[in-house]
Amino acid sequence: MINDKFLKPYNPQETEERIYKLWEESGFFNPDTLPGKCEKTFTIVMPPPNVTGVLHMGHALMLTLEDIMIRYKRMCGFKTLWLPGTDHAAIATQARVEKDIYKTEKKSRHDLGREEFLKRVEAFAKQSHDTITSQIRVMGASCDWSREAYTLDEKRSLAVRTMFKMMYDDGLIYRGSRIVNWDPKGQTTISDDEIVYEERKAKLYTFRYSKDFPIPIATTRPETKLGDVGVAVHPDGKWKQYIGQTFEIPDFAGVSLSIKVVGDTEVDPEFGTGAIGITPTHSFIDWEIAGRHALNKDRIVINEYAKMTEKAGPHAGKKTSEARESIVEWLKSEGLLEKEEEITQNVSTAERTGGIVEPLPKLQWFIDVNKPIKTREGKTLKDLMREAVKSGDIKILPNHFEKIYFHWIENLRDWCISRQIWFGHRVPVWYRSKLKVEDKKDEEVYVGVEPPRGDGWEQDPDTLDTWFSSGLWTFSTLGWPEKTKDIELYHPTDVLETGYEILFFWIARMVLMTKYALGTVPFRTVYLHGTVRDGQGRKMSKSLGNGIDPIDVAKKFGTDAGRMALIVGNTPGTDMNISEDKIRGYKNFANKLWNIVRFVIENTQGEIFEDGFTGYTETDAKLREERHEMFVDVTKDMEEYRFYMAAEKLYHYAWHTFADKILEESKVIFEKGTDVEKKSRKQLLIHSLDKILKTLHPFIPFVTEEIWQLWKQPKGKDGMLMVAEWPIK
RNA sequence: GGGCGCAUAGCUCAGUUGGUUAGAGCGUGCGAUUCACAUUCGCAAGGUCGCAGGUUCGAUUCCUGCUGCGCCCACCA
């Protein structure tokens, strides 16, 4: 008899949680307990969501795409592993907690102290973790929770320390004083990728150091000029006659300068005045030029708080902006200011704190990307990254991102991995002297996986860039540095699916780490999805109030509807728009499917599914053939990552071919047809429905599983749709 | 400044290697319907596939140029 449930519309709220539990308890998310003899594996390691917040549409898209691949491969008989996890997201999480604490208690992290502060961060991370993982379940993600990992848990910490030690021993990690991006607001260094540029109006001043200095200099930051040690001109430019000369400036706004003119091809003789005032300590390019010409690199005039130092003479203690004003005043009064023009320039600001980035020389830990590696045939890390994609070992979808990837590698500088924040992996380095970090003379340094023995050791206070631990993700999650069976079986992973915005942050760094440590690629295929935007193509944001919460969607329309809406029309690498209207359309689809089943059940009472049935009428044989071709097509789409197309084809077939045409015609047959026609049609219907449910399952797993259970009433858990066989081989 | 991409129906977008009348969803109009459908079904209107050239028997699809839009990268002082 037909189940009473079919007399009412499909109710996802009543269904989804129950079905997820059924799946999870079956143990089939775990490849070790998955039935099947096939030894071929298929692995995805989940990009770990940050423990800072809640699930958003981007996560929902990621989870849906990955779940589709995983469910599809599982049905194709692969030993399928989808390994979930979360990311401690060092700076983001610390900043978030600092803000909360300041808001409620008006205290800074320094007021609380390192230990207490870390306790608070961990408590927050724990709570946030629980929210995130339960939300991942709501999305229907069929991942193996028994292998769940966290970028800051014990195993991953061991992996991080081991990697650091390895790279240090190979001379790839070094400590050095170099110009870094310093965020005065967050009091930490940040990587190039954590900078956002803001366009601002600025003034470009053209001036001379003194009346008899021959070359005019342009700058937007006169306060840094107190730190100048030279002027660079093009070797063949109009100022070449001065190359090699040194000018003593006894009084430049209260300090004395010694300016040497050097010739450097990096100077554009056509631009500006054709000369650059060299401030080695507060500009990247100047630091490099100074290095090439052995200019003094210790004239630091701005400190970590963006204030002037003692070396700025009378300006010491002033904010940079104040110093700028008074120097401009001084230049004017001395008649040294030649020009003042309005320009727009890009100011570097820190992504997380919004602070204006101050380039400063600091003693930091770096990864050398240009050093030949003995264990890798003398190749550099850059070489390894480039070769992984160039050789075709890694394919990036869509293809044109490969160009962007190569371009990024060409411009890559040494990677600064130390951060002056507290939350994260502590740098596994210990020093044995009380001397300040800035002064490494007489200092004993120990680098190790475990702390050193003996007294007087003090660990480096810094933590590692969060992408250092993320870089190990595909293999640290599988147990590295231990030689585990998981690594042997599941690494390299098959697909890395993520948003294109973290191609450099993360993907490139995983390639770097994996090629270096294991000699293999971390994954075979990179599938990049675009940004999820609102119905009008705007970014979802709190201030616009146009965000759509995937959990709300699940409540209102059902997870299946949200998943389908995210997939149809979503091509890799392209942003997509989503609106409630679109989602509503797919809620109706779930209900349509529900009613299709009701019709089929009611009209095929007593009919048994006959495998290999051959008694089809000519009409039905043709319909069967068309159906088969469609499924072959869809299978090809699945293999070639065209999920958007597979989903649409299946949707169209189920609704507009199967329901609108075939079911409508069946009404006539069941009323007036011969017994042979009826029999043929009943077999066609149950075979078609069987296959429609199977092929739709990766996309809309809940409603298809629920229908399957009600229709087929399988005895054991092996009869679940989740582990049914994909109908096309 | 360098790089990458996009421009197709009122809106949001598909169109898989060039091949008959270019598709979907939403929206719009007309009609039907308590017979699986908190509805659904049928029918319809609507596109010189950004512009200009080129390759080809044939171009929305390939090439060149132009225009408009978007994204990423960047230490022009």
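Reminder, nothing fancy here: chain letters follow the sequence lines and each chain counts from 1. Note that this is a predicted model, so its numbers are computed, not measured.
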K.L.:
Check whether any side-chain N or O of A:Asn603 sits under 4.0 Å from OP1 or OP2 of B:A36, and answer yes or no.
P.N.:
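Result: no.
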K.L.:
If the C1' atom of B:G18 is compared with that of B:U61, how far apart are they to the nearest Å?
P.N.:
6 Å
K.L.:
Tell me: OH of A:Tyr653 to C1' of B:G25, nearest whole Å?
P.N.:
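Spelled out: OH on A:Tyr653 to C1' on B:G25 is 21 Å.
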K.L.:
To the nearest angstrom, how far is A:Glu640 atom CD from B:U16 atom P?
P.N.:
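So the two atoms are 13 Å apart, to the nearest Å.
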K.L.:
Please report, rounded to the nearest Å, how far the P atom of B:U16 is from the CD atom of A:Glu648.
P.N.:
13 Å
K.L.:
Contact class for A:His656 vs. all strands (heavy atom < 4.0 Å): base, sugar-phosphate, or nothing?
P.N.:
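The answer is sugar-phosphate, as A:His656 gets under 4.0 Å only of primed atoms, P, OP1 or OP2.
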K.L.:
Go through A:Glu402 and A:Lys395 one step at a time and tell me if the salt bridge (Lys or Arg N to Asp or Glu O under 4.0 Å) criterion holds.
P.N.:
CA-CA 8 Å; A:Glu402 293 185 359; A:Lys395 289 219 176 348; over 6 Å; no
K.L.:
Indicate, with a heavy-atom threshold strictly under 4.0 Å, whether A:Glu664 touches base, sugar-phosphate, or nothing.
P.N.:
base
K.L.:
Donor-acceptor pair, distance only, cut-off 3.5 Å: does the side chain of A:His293 make one with the backbone of A:Val262?
P.N.:
no
K.L.:
Is there a donor in the side chain of A:Glu16 and an acceptor in the side chain of A:Thr559, or the other way round, less than 3.5 Å apart?
P.N.:
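A pair is found: one side chain offers a donor N or O, the other an acceptor, under 3.5 Å apart.
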K.L.:
For A:Asn595 and B:U40, give me the distance from atom CG to atom P, rounded to whole Å.
P.N.:
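In whole Å, B:U40 P and A:Asn595 CG are 10 Å from each other.
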K.L.:
Please work out if A:Lys582 contacts a base, only the sugar-phosphate, or nothing of the nucleic acid, heavy-atom cut-off 4.0 Å.
P.N.:
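A:Lys582: no heavy atom of the nucleic acid under 4.0 Å.
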K.L.:
Where do A:Tyr651 and A:Tyr586 land on the ring pair (Phe, Tyr, Trp, His ring centres under 6.0 Å) test, with the steps shown first?
P.N.:
CA-CA 9 Å; A:Tyr651 168 87; A:Tyr586 292 106; 5.2 Å; yes
K.L.:
With both distances kept under 3.5 Å, what pairs with B:G70, Watson-Crick or G-U wobble?
P.N.:
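Partner of B:G70: B:C4.
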K.L.:
How far apart are the C-alpha atoms of A:Tyr500 and A:Phe401, what are their side-chain angles, what is the distance that settles it, and do they pass the ring pair (Phe, Tyr, Trp, His ring centres under 6.0 Å) test?
P.N.:
CA-CA 8 Å; A:Tyr500 60 70; A:Phe401 276 96; 5.7 Å; yes
K.L.:
Provide, to the nearest angstrom, the distance between the CG atom belonging to A:Asp660 and the P atom belonging to B:U33.
P.N.:
18 Å
K.L.:
If B:U33 has a Watson-Crick or G-U wobble mate with both distances under 3.5 Å, name it; if not, just say none.
P.N.:
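Pair assignment: B:U33 / none.
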K.L.:
Only pairs with both distances under 3.5 Å count, Watson-Crick or wobble alike; so what is the partner of B:C75 in this structure?
P.N.:
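The answer is none; no pair meets the criterion.
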K.L.:
I would like to know whether A:Tyr209 and A:Phe247 meet ring pair (Phe, Tyr, Trp, His ring centres under 6.0 Å); could you show each step before the answer?
P.N.:
CA-CA 10 Å; A:Tyr209 293 107; A:Phe247 295 82; 9.3 Å; no
K.L.:
If pairing requires Watson-Crick or G-U wobble contacts with both distances under 3.5 Å, which nucleotide is the partner of B:G18?
P.N.:
none
K.L.:
For B:C13, give its Watson-Crick or G-U wobble partner with both distances under 3.5 Å, or none.
P.N.:
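B:G23 is the nucleotide pairing with B:C13.
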K.L.:
Give a yes/no on whether any side-chain N or O of A:Trp655 is located under 4.0 angstrom from OP1 or OP2 of B:U40.
P.N.:
no
K.L.:
Which sits closer to the 5' end of RNA chain B, A:Arg598 or A:Gly585, going by the nucleotide each is nearest to?
P.N.:
A:Gly585
K.L.:
Closest heavy-atom contact between A:Tyr10 and A:Asn591?
P.N.:
N-OD1, 3.0 Å
K.L.:
From CZ of A:Arg681 over to P of B:A36, roughly how many Å is that when rounded to an integer?
P.N.:
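These atoms are roughly 16 Å apart.
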K.L.:
Can you check each nucleotide of nucleotides 70-77 of chain B against protein heavy atoms at under 4.0 Å and return B for base, S for sugar-phosphate only, - for none, in 5' to 3' order?
P.N.:
--S-BBBB
K.L.:
Identify whether any heavy atom of A:Lys636 sits under 4.0 Å from a base atom; if not, whether one sits that close to sugar-phosphate; answer base, sugar-phosphate or nothing.
P.N.:
nothing
K.L.:
What distance do A:Ile302 atom CD1 and A:Glu304 atom CD have between them, rounded to the nearest 0.5 Å?
P.N.:
11.5 Å
K.L.:
With no hydrogens and no angle check, just 3.5 Å: does a side-chain donor-acceptor pair link A:Gln713 and A:Gln709?
P.N.:
no
K.L.:
Can you tell me how far C1' of B:C13 sits from CE of A:Met576, to the nearest Å?
P.N.:
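These atoms are roughly 9 Å apart.
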K.L.:
Counting only Watson-Crick or G-U wobble pairs whose two distances fall under 3.5 Å, which nucleotide matches B:A52?
P.N.:
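B:A52 is paired, partner B:U64.
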K.L.:
Expressed in angstrom and rounded to an integer, what is the separation of A:Asn3 atom CG from B:A36 atom C1'?
P.N.:
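Result: 15 Å.
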K.L.:
Contact class for A:Ile179 vs. all strands (heavy atom < 4.0 Å): base, sugar-phosphate, or nothing?
P.N.:
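A:Ile179: no heavy atom of the nucleic acid under 4.0 Å.
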K.L.:
Students often get this wrong, so: under 4.0 angstrom with heavy atoms, is A:Ala232 touching a base, only sugar-phosphate, or nothing?
P.N.:
nothing
